[in-house]
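Report on one structure; see the data block that follows.
Residue numbers start at 1 and run along the sequence shown.
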Amino acid sequence: MAQIIDGKAIAGIIRQELKAEVDKIREEHPNFKPGLAIVQVGDAADSNKYISHKIKAAQEIGMEATHYKLPSSSTLAQVINQIESLNKDPRVHGIIVQMPPDSDEPMDQDVLLNKVDASKDVDGLTDHNAGKLSRGELSSCFIPCTPKGCLELIKRCGAEISGKRAAVLGRSKIVGAPMSDLLRSQNATVTMCHSRTKDLPNVLNESDLIVVGIRQPLMVKKEWIKPGSVVIDCGINFIEDKTKKSGQRMVGDVDYAGCKETASWITPVPGGVGPMTVAMLMSNTIEGAKRNLMKIKKGGVWNMRYLPLKLEESVPSDIDISRAQEPKNISELAEELQLLPDEIDFYGKKKAKVSLSVLNRLSEAPDGKYVVVAGMTPTPLGEGKSTTTIGLTQAIGAHLKKNVFACVRQPSQGPTFGIKGGAAGGGYSQVIPMEEFNLHLTGDIHAITASNNLLAAAIDARIFHESTQSDKALYSRLVPETKGKRTFSPVQLARLERLGINKTDPDSLTEEEYGKFARLDIDPATITWQRVIDTNDRYLRQITIGQSPTEKGITRTAQFDITVASEIMAILALTTDLEDMRKRLGKIVVASNKNGEPVTADDLGVGGALAVLMRDAIKPNLMQSLEGTPVFVHAGPFANIAHGNSSILADKIALKLVGENGFVVTEAGFGADIGMEKFFNIKCRYSGLKPNAVVLVATIRAIKMHGGGPKVVAGKPLPPEYSQENLELVEKGFCNLRKQIENASFFGVPAVVAINAFSTDTDNEIELIQKLSREAGAFDAVKCSHWAHGGAGAVKLAEAVEKATGQSSNFKFLYDVKSPIEDKIKTIASKIYGAADIKLSDEAQKKIDLYRKQGFNDLPICMAKTHLSLSDDPSVKGAPTGFVLPIRDVRASVGAGFLYPLVGTMMTRALPARIRSARLLLGLPMARQLELFSKRRVLTWHKRFLWR
């Protein structure tokens, strides 16, 4: 008498095992959640029943099963669209299409099944998976659920398979054919039988294992089977049975009553194979989720098409180089980066925005190596940090063939139309298309302008209304009746809580509470929030607003700042997600009330509106370099009154995309004493990211200047000292680079010096810098020629950076944010700048005391000082020590999350006498007009010093 193989009980055990497996994976990967999508066409009752069993089983295990039910009237195209949408959904690891479709018009089932991505085909029915199974490639395919369940039942009853004779009765794609392949993969000798097989009883009688799925009720008799064989019955048939309420009963393809007298093991119907099919569906889905997790963790080198450079010995202008290179379509780059279609929003053919959802999809992926490019204290001409950033990434990607991302700031129209020019890099190391990079991009700066000025308008509107209305009238405007009822918004409820008014019914407030809630009592003398415009307009530095007769004489002195100086730009750069940005925007302190208490954007009720205006700007912008490597361009805060770094979000997404063996290279504004210090102490503090290496960009020109060389003035020819070998000047001026190497060491991060070589630099000068740099503690010092040779000119730098990132990075912050504000300022001044002490003005001390009282002591410090010297005096070069650093004022960017002391004198930007738009004429070809924005264009007088 055969032993019964209880498929229902075994399936229950398997589900428990799967649940334990999922729970164990979640201990290490909390976001692990296998997702199953079930697509059904129509409303067939039997399909509904099967689907409910599958959803219930998934829920028991801890999976996410979603039922997509399409109406019977759906077309084939509509069903395919649903399947393709699920193929792209990273939350879905398995897709099944419930068959047959209950549609008004016939649908080709093979077409539907093969539209399911093979990596999500947990039914194992696509031609791709069937082919792999037939070739024995079981580890890289999905096995159909019923055959997989049958094999599991055979194994669990202890039957031997290898070397045994097996017969499979039935040749369907769902059971017979894959079952035959599966048994053969287990080293059984398999005979596939069907209804036309001759002498079928004798064939079965010679078999040790029999799997039947032929859709013929009770077809296999006990005389047909070998004594002691294992019989697996996959059949589902209904025969007449008047003893049953329904008039029929379910039977298999095997005469169960007779065969169990001869077989050693046998499955019943129902309760045999059926429950195992559902359990194996769950198993396959979990396997799909595990494969996806491993793929994310493992990463891999992108299959990227790099763009060859056509180098010219006489390097053309930046715009000519940019226009000569045909960029890849951004859709091609997005596909190379393995971005999903719903993760990218195209802005034309050459740029796009990338969704923050990438971070969720790749949450389990390890980060790549994190490298920041900084520099020595520069000349007014700049030493090529942007160019080095792009050249280095071109070298890592196009030449070392490693995944790499550059993350750079978006330039403002102020510098673009001013002396500095654009910020796309230069020569053969650029972001392209240059004109799109430098002008407007995707409109992020305009979004910041709009949100900043909305907040400014709200301040003056509130002052006006509070000065012209009674408490009750003002309250009625702030909490208006809608259909006879008032309700508080969430922001207003939060304000009530801050005021200590624990009420939620707007009509329950007292007269005193009406006034307390409705009036902000802003002190106009304390307003720090200014309007902005993305142009250097000197006549807007001080203006009078409110002169219209409608403002009833309520005027005040105000000003326009440049947009990138707005705190909202700094918030964009430092935010970590949409919710965090909303909170930061609401925390912006715009003024104090007459009691000295801070007034925020949320007090004005506009925090949510600001977030809505910024909802697209929060997504990083994707572009490419001249050699086709990816570049994120996102945020552009100044490096003096703000922290001077591109966005945290761009870095985070890039680090996930490049994978564990990839690199993300980001640039910090100005010299290392400013941009790098803020990158470490502010940006890394909020991001939680730990850098692996610093690249310090240096030039012989800047070193000679710090050694006592003649003054360098933008727009004037360089004195001969800068084109002639002078080792004495180099050795004396190295003190500045030595200090910046030391500054990097304070943070425990290895530093690689990139010597950005000019044609006039001699080998002796370069070798001296290399020797001194290594002696000063640099990991290495490498000569670079990326301006003239693109990535090929920075290969040695890339190799040095790769080695440096392999070293241990003992990253640490310079100060504890909980220290007193004065101590934090002094720590930066003494350690980073070399000052002996600081001197606070009365105004600065007053502000510090106020911020401490308002609860802002624990914010990090963002020093606003000249970038042309380690001291407060731009004329002092080298590495001065023993000086006292004057702090004339301290201001707060509470939303961004830092305090910024003003060192010495700082001024906002104005346009030069001859602006770059002076030659923008309709008659000029656009290509030639755009040449005016090239940084090299400003330095045409410098042709004899062309960088190699």
Would you kindly say whether Lys353 and Asn621 are connected by a side-chain donor-acceptor distance under 3.5 Å? yes

Listed by chain and number, what are the side chain to side chain contact (heavy atoms under 4.5 Å, CB included) partners of Pro874, not counting sequence neighbours? Thr866, Leu868

Any pair counted as salt bridge (charged side-chain N to carboxylate O under 4.0 Å, His left out), so long as it reaches residues 619-629, sequence neighbours left out: Asp345-Lys619, Asp616-Lys619

The criterion is side chain to side chain contact (heavy atoms under 4.5 Å, CB included); which residues satisfy it with Glu799, sequence neighbours excluded? Leu400, Val795, Lys796

Using the test side chain to side chain donor-acceptor pair (under 3.5 Å), find all partners of Thr393 that sit at least two apart in sequence or belong to another chain. none

Indicate yes or no: does Asp673 engage Lys865 in a salt bridge with an N to O separation below 4.0 Å. yes

Ion pair Glu332/Arg305, N-O distance below 4.0 Å: yes

Can you tell me how far apart CG (Asp534) and CD1 (Ile448) are? Round to the nearest 0.5 Å. 9.0 Å

For the residue pair Asn756 and Thr699, confirm or rule out a side-chain donor-acceptor distance under 3.5 Å. no

Any ion pair linking Lys704 and Glu765 (charged N to carboxylate O, less than 4.0 Å)? yes

With sequence neighbours left out, write down each residue that passes ring-ring contact (aromatic ring centres under 6.0 Å, His included) with His399, or none if nothing qualifies. none

Pairing residues for Glu660 by the side chain to side chain contact (heavy atoms under 4.5 Å, CB included) criterion, not counting sequence neighbours: Pro366

For residues Asp873 and Ser875, is any side-chain donor paired with an opposing acceptor at under 3.5 Å? yes

Quick one: side chain to side chain contact (heavy atoms under 4.5 Å, CB included) partners of Gln325, sequence neighbours excluded? Leu307, Leu309, Ile432, Leu626

Qualifying residues under ring-ring contact (aromatic ring centres under 6.0 Å, His included), relative to Phe811, sequence neighbours excluded: Phe680, Phe813

Could you list the residues that satisfy ring-ring contact (aromatic ring centres under 6.0 Å, His included) with Tyr833, not counting sequence neighbours? none

Chi angles and distances behind the side chain to side chain contact (heavy atoms under 4.5 Å, CB included) call for Leu655, Leu689: CA-CA 10 Å; Leu655 285 165; Leu689 298 172; 3.7 Å; yes

Who passes ring-ring contact (aromatic ring centres under 6.0 Å, His included) against Phe405, sequence neighbours left out? Phe632

Residues 730-743 vs salt bridge (charged side-chain N to carboxylate O under 4.0 Å, His left out), sequence neighbours excluded, gives Lys739-Glu742

Take Thr387 and Ser429 through the test side chain to side chain donor-acceptor pair (under 3.5 Å) and record every step on the way to the result. CA-CA 6 Å; Thr387 306; Ser429 296; over 6 Å; no

Determine, stepwise, if the pair Asn661 / Asn403 fulfils side chain to side chain donor-acceptor pair (under 3.5 Å). CA-CA 7 Å; Asn661 298 315; Asn403 296 352; over 6 Å; no

Which pairs count as side-chain hydrogen bond (donor to acceptor under 3.5 Å, both in side chains) when at least one residue sits in residues 369-379, sequence neighbours excluded? Tyr370-Asp651, Thr377-Asn736, Thr377-Gln740, Thr379-Glu383

With no hydrogens and no angle check, just 3.5 Å: does a side-chain donor-acceptor pair link Gln624 and Thr629? no

